[in-house]
Peer 1: 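Just passing along the structure, written as structure tokens.
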Amino acid sequence: IGVIFSVYPIGVIFVSPLAASLLPQMGRANSISMGMAGMGIFTACFGMIDLLFQDDDSTWIITLSIVLRLLQGSSEAFIKTTCYSIATNEYHQNKEQIIALVETMVGIGLLIGPVIASILYERTDFSKSFLILGGSILVMTIFARWILSSPRGYNRRSTKNSSHDDHLKTVKNSSFSEHNDYKVPSLSDDSTTTNPIAVAEEGDEYPNNDNNHIVRSWDLLVRPRYALTMGCTTLGYFEYCYFEPILATRLRNDFGLSVEQIGWFFTLMLFCYIPATFAGQWIPSWIEKRVTLALAIFCTSIFLFLFGPSQLLGLPSDSLLLMGIGKNLMGLSFGIWAIPMLPELVESSIPHWKGQEERVNNLTSGMFSSFSAIGQLIGPIYGSVAADRFGWRLTADMVAILGLLYLLLFGIFADLLNAIRMTIMNAPTSKPKVDATGSGLAINRHSAESVTQ
């Protein structure tokens, strides 16, 4: 059973970069439609296993279950990567708002999904539940395809970066305006739209900006700030998922909760996660995204000590109230954690690769999906192994300490102190606003810090 569940994120990990590389040729509407159609078909097929094979055909049942779960994960890779690509390419001026809405919808799906599944299972059976769900996804695929084929141009196949010569033409023609705003190509027409996230003086050259080189995933990951922010993605999903296979056992054996009560306890986090992600879109723009990330990581570690409750801190082991408070507060910190990661990754990289904005956005979207799936994969594995060896409370303590250690690493190599300083200086009540060198010039903060990275 564990293997069947674990192959789903494996599909996301390996297929997401492929989905990102195929986006320019496929078009976003085609990519997301293919992902949704695949998810619907493979979900329905998963339900048919029970109809096609008897209980004594366990080898075939297990094999097909693994294959179908892997294909489901691969389908999700196309869906997630395309959604993030649309957010970063089409809404470059308000990425945070779009990502906040995406994460809010994810939270709502996680909340109502088990409820709908339980109702279907009670009123039908295993096979019909999956067949109904798969059919519903296929119906939604048709609707989504119609929406995404609208004049916004999500289905337009991009020719940018399709060849080295085309790339050189794009780079040659890219320029900075006299107002110091660089341009990001629009996907719906041939015009350009001012992007306020980063600016520079005309003629400035950024480190690693090789106009004769098409950016690759490795080129992005070798930059410490980018790599550590991407690591935050894995860490967040690791901490979110590590307790999934062990929490029910803890609640049943130590507190005597019923199945229904355990189900409600699992949903506690989502009741805080959903409003937190929705409210996250209104985080003030003068707060550096690295500062928001660092605060979310720190708070999550503190809340994990409550969730234990912590054995190292000597908190009472039999306090279900402390566990509930910790889990609810973790929903808030995870909700804030989810918003700034992708915008920070994009905004810290685009100035280094002038003329390749769309490619940077696509590569980042694919890697973002992969790294999040890595956390979803190793989190439950760690939780199961560590709980067997050290017990529930020490397992939670070690996850909390891991978060604090990563925060220290992030602070050192992602230049967190500079981000905090710039946040303080760019606050509405502070004056004068400064650049990364402290010269007192009122220039865009993202540009200044990009030059120093």
Peer 1: To the nearest 0.5 Å, tell me how far K289 NZ sits from L342 CG.
Peer 2: 11.0 Å
Peer 1: So do the side chains of R223 and H352 get within less than 4.5 Å of each other, counting heavy atoms only?
Peer 2: yes
Peer 1: Counting only heavy atoms not in F298 (residues, nucleotides, ligands), do more than 12 fall under 6.0 Å from its CZ?
Peer 2: no
Peer 1: Would one find more than 12 heavy atoms of other residues, nucleotides or ligands at under 6.0 Å from atom CZ of F126?
Peer 2: yes
Peer 1: If you look at every heavy atom in R252 and I262, which pair is closest and at what distance?
Peer 2: CB-CD1, 4.0 Å
Peer 1: Restricting to non-hydrogen atoms, name the atom on A396 and the atom on L304 that form the minimum distance, rounded to 0.1 Å.
Peer 2: CB-O, 4.1 Å
Peer 1: Report the distance from atom CG of L345 to atom CG of L220, rounding to the nearest 0.5 Å.
Peer 2: 9.0 Å
Peer 1: Drop me the distance from R225's CZ to L416's CG, to the nearest 0.5 angstrom.
Peer 2: 10.5 Å
Peer 1: Which is it for Y84 and F368 under the ring-ring contact (aromatic ring centres under 6.0 Å, His included) test, yes or no, and what are the steps along the way?
Peer 2: CA-CA 9 Å; Y84 292 136; F368 187 79; 4.9 Å; yes
Peer 1: Measure the acute angle between the ring planes of W282 and F278, then classify it against the limits of 30° and 60° as parallel, tilted or perpendicular.
Peer 2: perpendicular
Peer 1: Would you say D219's side chain and V215's backbone share a donor-acceptor pair under 3.5 angstrom?
Peer 2: no
Peer 1: Salt bridge between R69 and E76, side-chain N to carboxylate O under 4.0 Å?
Peer 2: no
Peer 1: S129 and R123: side chain to side chain contact (heavy atoms under 4.5 Å, CB included), yes or no, with the steps?
Peer 2: CA-CA 9 Å; S129 298; R123 299 193 175 185; over 6 Å; no
Peer 1: So do Y273 and L332 actually touch side chain to side chain, heavy atoms under 4.5 Å?
Peer 2: no
Peer 1: Working note: M36 + R145, criterion side chain to side chain contact (heavy atoms under 4.5 Å, CB included); need CA distance, chi angles, decisive distance, verdict.
Peer 2: CA-CA 10 Å; M36 291 184 66; R145 172 71 187 186; over 6 Å; no
Peer 1: Taking the side chain from D254 and the backbone from L251, do they hold a donor-acceptor pair closer than 3.5 Å?
Peer 2: no
Peer 1: Strictly distance-based, threshold 3.5 Å: is any side-chain N or O of S370 a donor or acceptor partner for the main-chain N or O of G366?
Peer 2: yes
Peer 1: N94 side chain to Q97 main-chain N or O, any donor-acceptor pair under 3.5 Å?
Peer 2: no
Peer 1: Can you tell if the side chain of T267 reaches within under 4.5 Å of the side chain of L110, non-hydrogen atoms only?
Peer 2: no
Peer 1: Does a donor on one side chain and an acceptor on the other come within less than 3.5 Å for T43 and Q72?
Peer 2: yes
Peer 1: Return the CG to CG distance between L409 and L404, rounded to the nearest 0.5 Å.
Peer 2: 13.0 Å
Peer 1: Show your reasoning for whether side chain to side chain contact (heavy atoms under 4.5 Å, CB included) applies to L68 and I49.
Peer 2: CA-CA 10 Å; L68 288 173; I49 293 177; 3.6 Å; yes
Peer 1: If only side-chain N and O atoms count, and only distance matters, is there a donor-acceptor pair under 3.5 Å linking K80 with S365?
Peer 2: no
Peer 1: Judged by atom type as modelled, is there a donor-acceptor pair below 3.5 Å linking the side chain of E96 to the main-chain atoms of P343?
Peer 2: no
Peer 1: Indicate the atoms forming the closest heavy-atom contact of P309 with R250, along with that distance.
Peer 2: CD-NH2, 3.6 Å
Peer 1: Can you tell me how far apart CD1 (I41) and CD1 (I137) are? Round to the nearest 0.5 Å.
Peer 2: 10.5 Å
Peer 1: Main chain of G47, side chain of S127: is a donor-acceptor contact present, judged purely on distance under 3.5 Å?
Peer 2: yes
Peer 1: Quick one: which of S31, S33, S369 gives a side chain to side chain donor-acceptor pair (under 3.5 Å) with T82?
Peer 2: S31
Peer 1: How close do A276 and G335 get, heavy atom to heavy atom, and via which atoms?
Peer 2: CB-CA, 3.9 Å
Peer 1: Apply the ring-ring contact (aromatic ring centres under 6.0 Å, His included) test between F243 and each candidate in Y382, W392, F307; give the one that qualifies.
Peer 2: F307
Peer 1: Report yes if the side chains of L293 and M341 come closer than 4.5 Å at any heavy-atom pair, otherwise no.
Peer 2: yes
Peer 1: Can you tell me how the ring of F130 sits relative to the ring of F46, calling it parallel under 30°, perpendicular over 60° and tilted otherwise?
Peer 2: tilted
Peer 1: Could you check if a side-chain atom of L221 sits within less than 4.5 angstrom of a side-chain atom of F371, using non-hydrogen atoms only?
Peer 2: yes
Peer 1: Work out which heavy atom in L312 is nearest to a heavy atom in D397; give both atom names and the distance.
Peer 2: N-OD2, 3.1 Å
Peer 1: Compare every heavy atom of G375 with every heavy atom of P380, then report the nearest pair and how far apart it is.
Peer 2: CD-O, 4.2 Å
Peer 1: Taking the side chain as every heavy atom from C-beta outward, state whether I108 and T104 have any atom pair closer than 4.5 Å.
Peer 2: yes
Peer 1: L101 and Q281: side chain to side chain contact (heavy atoms under 4.5 Å, CB included), yes or no, with the steps?
Peer 2: CA-CA 8 Å; L101 290 175; Q281 61 185 303; 4.3 Å; yes
Peer 1: Tell me, do I32 and C83 make a side-chain contact under 4.5 Å, heavy atoms counted?
Peer 2: yes
Peer 1: Under 3.5 Å, side chain of S310 to main-chain N/O of F305, donor-acceptor pair present?
Peer 2: no
Peer 1: What distance separates S384 OG from R389 CZ, expressed to the nearest 0.5 Å?
Peer 2: 13.5 Å
Peer 1: Backbone N or O of I274 within a donor-acceptor pair of the T277 side chain at under 3.5 Å?
Peer 2: yes
Peer 1: Please check: side-chain N/O of Y242 versus main-chain N/O of I381, any donor-acceptor pairing under 3.5 Å?
Peer 2: no
Peer 1: Compute whether any side-chain donor of one residue and acceptor of the other, for S85 and R28, lie under 3.5 angstrom apart.
Peer 2: yes
Peer 1: For the side chain of S333 and the backbone of M330, is there at least one donor-acceptor N/O pair under 3.5 Å apart?
Peer 2: yes
Peer 1: Heavy-atom count around M48 CE within 6.0 Å, excluding the residue itself: above 12?
Peer 2: no
Peer 1: Are F271 and W264 side-chain neighbours, meaning at least one heavy-atom pair lies under 4.5 Å?
Peer 2: yes
